[in-house]
Every structure is written in structure tokens, then in C-alpha cells.
Amino acid sequence: MKLGLIGYGAIGRHVEAAGLENIELVSVLVRRPRQEGLLTHEPDRFFAHKFDAVAECAGHEAVSMYGQRVLENGADFLVTSVGAFTDTALFDRLLAAAKASGRRLILPSAGIGALDILSSAAVGGLESVTVTVRKDPSAWKGTIAETLVDLDGLTAPYTVFDGPVREGARLYPQNVNISAAAAIAGLGLDKTRVVIVADPALTTHIVELEAKGTFGRFTFMEDVAVSEENRKTGKLVAMAMVKSVRQLASTLVVAA
Ligand SMILES: NC(=O)C1=CN([C@@H]2O[C@H](COP(=O)(O)OP(=O)(O)OC[C@H]3O[C@@H](n4cnc5c(N)ncnc54)[C@H](OP(=O)(O)O)[C@@H]3O)[C@@H](O)[C@H]2O)C=CC1
Ligand SMILES: O=C([O-])CC(=O)C(=O)O
């Protein structure tokens, strides 16, 4: 199968570098102008290829700029920047494009676990779902958090957001896409709560997911090393994308 990649940063580079059996990576779309190897910044060059699947690891803007084109050209679209779907019109447009072309919009597990339990529990009905994301203050640089608190001066944990995922994932587009994935798997973007914390004691990303429903309840916690390339992104995300891409061409699929 032929794969396209959008984004060649902390996530995309690792997908390119990974062994992908039965998968040929044919082109990588980036933003800053360059043409080297498989890389191009020109969308028309990228879309001149025929893909079976395109994996986005680039950001919300890339989902809205290229998602429809990917699906209309007959490829499945794997989205890591799931927070882009806080824009309902975009989400509906991509779902309609996928349906019309008989392809799939795939939301990989990426930086969060337990989406398998959550989506199973949603079948029977959920009462409450909360995602808590804690990162060190540097991860919140360049975000609206800088207007709320002096990130460099923090000596104790500070909650920079507590509310519905639809708002939190829009305000922190590079940091809490996992909350949008959990919301879409479970109670939806408006009823799922996200708590976002800058914690100066941390050197890792701590993510907690708590859910209650007809099935019972579960709590999930992960303590994830920070990627060297991007302090906003955990190392698990690239590993998970390699797993999700490999599954596209794999005979055995675990945790689908
Ligand atoms: N679901 C999840 O668990 C997670 C999702 N994410 C999402 O993944 C995204 C990428 O993360 P990460 O790899 O750490 O980010 P990086 O900043 O390390 O890399 C981003 C890459 O995307 C490219 N890019 C950005 N915008 C565009 C665009 N409009 N068109 C084409 N290419 C573009 C950049 O191009 P260039 O090289 O030219 O600058 C760069 O190669 C995040 O912004 C976030 O939305 C991140 C972490 C977890
Ligand atoms: O890797 C993480 O910490 C999760 C992340 O950035 C995101 O969901 O956007």
C-alpha cells in the first residue's frame, strides 16, 4: 500500500524512519519551502501521487487545508491533530467526503491509552469522562496560558483550563489533541471535561482519564517521556503512529 505523510517533525520523522512492512512511503508534505528526498512543500506535487492512506502529523491547519482533498482523492486519512474537529463544520465535511469516496477517517490512539475501553463503554452509555493533562511550564509556551500566568515564575501547579474539550482543545491546539480523541470516542466534545495543568515539578507528561457509565468505572494514567524534538509532544505519540500505520497493512490487528 502507498502512504503519504503530512508533517515531518517530532512525530512524522519517526514514521518515516520506522520499518513499514508492505507499505511504501511515497511523499511527505511539509510547510517550510524545501524539496529534498520525499519531502515537498508544494501540495500539488504531493497530491500528484496516488495514496491508499495519508497520515497527518502536522497540526490543526493541515487537517482543514488538506483533509478533504486526501479523502476525495481516494485515500484513508489518519488524523493526529484531532482537536481540529472542535470545528463541527470541518468534522462533518470530512465525514461526508469519506462517505462519498468510500474511504475512512481514522483517529489513531496517538498519545493516549484506554480509548478501547472508552469506546466499548460508550456502547452501553457513559455518565462522565474527564481527561487531565499535566505538563511542565515550557510545554505551555506560545499558548494562551502565557496570558494567564507567569509560566517561568511558577512554583506550584497551575490549572490553565478546566472545562469542555470543545473549548480546551481549540485553545491548546498542540497540547491536548488526546482529549479530543477521548471525547470523540466517548461522550462527545461538549460533555467531556478537560483539565489542563502547568506543573513546574514535572519533567514528563502525565495524562489521566476517568470514566463512569453503565459498564462501571475506570481510571487510566500514563507518565510519558517528552520528545526531544518538541516539548509539547510525548514520545509515545510517534510510537503510536508507527503502530497505527503498520496496522493499515497488517494481517493481525490487535486493539482495533
Ligand atoms: N493526538 C495526539 O496524541 C497528538 C497530536 N499531536 C498533533 O500533531 C501535530 C504535530 O506534532 P509534532 O510532530 O510534535 O509537531 P512538530 O512541530 O515537531 O512538526 C510539525 C510538522 O508539521 C509540518 N506542518 C505544519 N503545518 C503544516 C501545514 N499547514 N502543511 C504542511 N505541513 C505542515 C511542519 O513542517 P515544517 O517541517 O516545514 O515546519 C513540521 O514538519 C501537533 O501540532 C498536534 O496537532 C501532537 C501530539 C499528540
Ligand atoms: O503528547 C502529548 O502530550 C499529547 C499532545 O501533545 C496532544 O494531545 O496534542
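No experiment lies behind these values; they were computed from the predicted model shown. The first residue of the sequence shown is numbered 1, and numbering continues consecutively from there. We count ligands from 1, going down the list as the structure has it; atoms in each ligand are counted the same way.
Here the side chain of Arg246 pairs a donor or acceptor atom with the backbone of Gly19 at under 3.5 angstrom. Put simply, the side chain of Asn175 gets close to the backbone of Ala139: a donor and an acceptor are under 3.5 Å apart. Ser81 places a side-chain N or O within donor-acceptor distance of the main-chain N or O of Gly59, the cut-off being under 3.5 Å. Of the possible donor and acceptor atoms, none in the side chain of Thr233 sits under 3.5 Å from a partner among the backbone N and O of Asn230. Put simply, the side chain of Arg217 never gets that close to the backbone of Ala211: no donor and acceptor are under 3.5 Å apart.
Atom CZ of residue Arg45 and atom CG of residue Leu29 lie 12.0 Å apart, to the nearest 0.5 angstrom. To the nearest 0.5 Å, the span separating OH on Tyr66 from CG on Leu94 amounts to 14.0 Å. With rounding to the nearest 0.5 angstrom, the CZ atom of Arg193 is 5.0 Å from the OG1 atom of Thr130. The distance from atom CG of Leu5 to atom CG of Leu25, rounded to the nearest 0.5 Å, is 5.5 Å.
In terms of N/O distances under 3.5 Å, ligand 1 is approached by Thr233. For ligand 1, one of its N or O atoms has an N or O atom of Ser81 under 3.5 Å away. Close N/O approach between Ile178 and ligand 2 is found [any backbone or side-chain N/O within under 3.5 Å]. Not a single N or O atom of Val82, backbone or side chain, sits closer than 3.5 Å to an N or O atom of ligand 1. The distance criterion of under 3.5 Å between nitrogen or oxygen atoms is not met by Gly12 with respect to ligand 1.
Salt bridge absent: Arg103 and Glu72 never bring a charged side-chain N and a carboxylate O closer than 4.0 Å. In summary, Asp136 and Arg231 engage in a salt bridge, as defined by a charged side-chain N under 4.0 Å from a carboxylate O.
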Next on the checklist: Test side-chain hydrogen bond (donor to acceptor under 3.5 Å, both in side chains) on Lys243 and Ser109; report intermediate values, then the result.
Outcome noted: CA-CA 9 Å; Lys243 176 261 313 188; Ser109 57; 2.8 Å; yes
Item to check | Pair Thr40-Gln35, side-chain hydrogen bond (donor to acceptor under 3.5 Å, both in side chains): steps then yes or no | outcome: CA-CA 5 Å; Thr40 179; Gln35 303 283 353; 3.2 Å; yes
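Residue contacts with ligand 1 for Lys232 are absent, since no atom lies close enough (heavy atoms, distance under 4.0 Å). Contacts with ligand 1 closer than 4.0 Å are made by backbone heavy atoms (N, CA, C, O) of Pro173 only, the side chain lying farther away. Only side-chain heavy atoms of Val237 come within less than 4.0 Å of ligand 1; its backbone N, CA, C and O stay farther off. At a 4.0 Å heavy-atom cut-off, ligand 2 touches Asn177 through backbone and side chain alike. Counting heavy atoms under 4.0 Å from ligand 1, residue Glu61 touches it through the side chain alone. Only the backbone of Val176 comes within 4.0 Å of ligand 2, judged by heavy-atom distances. Contacts with ligand 2 closer than 4.0 Å are made by backbone heavy atoms (N, CA, C, O) of Lys232 only, the side chain lying farther away.
By the side chain to side chain contact (heavy atoms under 4.5 Å, CB included) test, Lys2 pairs with Glu24, Val26, Asp52, sequence neighbours left out.
In terms of heavy-atom proximity, Gly111 sits nearest to Ile178 at C-CG2, 3.4 Å. Scanning all heavy atoms of the two residues, the minimum distance from Leu187 to Glu127 falls at CD1-O, 3.7 Å. Closest heavy-atom contact between Lys141 and Glu146: CD-OE2, 3.4 Å.
Under the 30°/60° scheme for interplanar angles, the aromatic rings of Tyr172 and Trp140 are found to stand perpendicular.
Of all protein heavy atoms, the one lying nearest to atom 30 (N) of ligand 1 is Tyr66 CE1, 3.5 Å. Of the protein's non-hydrogen atoms, the one nearest atom 11 (O) of ligand 1 is Ile11 CD1, 3.5 Å. Of the protein's non-hydrogen atoms, the one nearest atom 27 (C) of ligand 1 is Arg31 CB, 3.8 Å. Ranking protein heavy atoms by distance to atom 24 (N) of ligand 1, first place goes to Ala58 CB, 3.6 Å. Of all protein heavy atoms, the one lying nearest to atom 18 (O) of ligand 1 is Ala10 N, 2.9 Å. Looking only at protein heavy atoms, the nearest one to atom 37 (O) of ligand 1 is Arg34 NH2, 2.8 Å. Protein heavy atom nearest atom 1 (O) of ligand 2, with residue, atom name and distance: Gly234 N, 2.7 Å. The protein non-hydrogen atom at the shortest distance from atom 19 (O) of ligand 1 is Gly9 CA, 3.3 Å.
Atoms of ligand 1 lying under 4.0 Å from at least one heavy atom of Tyr8, given by number and element, are 21 (C), 40 (C), 41 (O). Atom numbering of ligand 1 starts at 1 in the shown order; those under 4.0 Å from a heavy atom of Gly111 are 2 (C), 3 (O). Below 4.0 Å from some heavy atom of Gln174 lie the following atoms of ligand 1, by number and element: 43 (O). For ligand 1 and Leu29, the ligand atoms under 4.0 Å from any heavy atom of the residue are 32 (N). Set against the non-hydrogen atoms of Gly7, the atoms of ligand 1 under 4.0 Å away are 21 (C), 22 (O), 23 (C), 41 (O). Under a 4.0 Å criterion applied to the non-hydrogen atoms of Lys135, ligand 2 contributes the atoms 2 (C), 3 (O), 4 (C), 5 (C), 6 (O). Near Gln174, the atoms of ligand 2 lying under 4.0 angstrom from a non-hydrogen atom of the residue are 6 (O), 9 (O). Residue-ligand proximity, Val237 to ligand 2, at heavy-atom distances under 4.0 Å covers atoms 1 (O). Proximity to Thr80 (heavy-atom distance under 4.0 Å) selects the following atoms of ligand 1: 1 (N), 2 (C), 4 (C), 5 (C), 7 (C), 8 (O). Of all atoms in ligand 1, listed by their number and element, those nearer than 4.0 Å to a heavy atom of Ala110 are 1 (N), 2 (C), 3 (O). Taking every non-hydrogen atom of Asn230 and a distance limit under 4.0 Å, the qualifying atoms of ligand 1 come out as 12 (P), 14 (O), 15 (O), 16 (P), 17 (O), 18 (O).
Counting non-hydrogen atoms of neighbouring residues, nucleotides and ligands closer than 6.0 angstrom, the CZ atom of Arg34 exceeds 12 such neighbours.
The closest non-hydrogen atom to atom 38 (O) of ligand 1, taken over Glu229, Arg32, His14, Glu56, comes from Arg32. Of the listed residues (Asn175, Val63, Asn177), the one carrying the non-hydrogen atom nearest atom 6 (N) of ligand 1 is Asn177. Closest heavy-atom approach to atom 5 (C) of ligand 2 among the candidates Asn175, Val82, Thr233: Asn175.
Looking only at atom types and distance, the side chain of Lys135 has no donor-acceptor partner in the side chain of Thr204 under 3.5 Å away.
Residue His41 places every heavy atom at 4.0 Å or more from ligand 1. Heavy-atom separations between Cys57 and ligand 1 include at least one value shorter than 4.0 Å. Residue Gly111 places every heavy atom at 4.0 Å or more from ligand 2.
Taking the six-membered ring wherever Trp is involved, the centroid distance between the rings of Phe51 and Phe46 falls below 6.0 Å.
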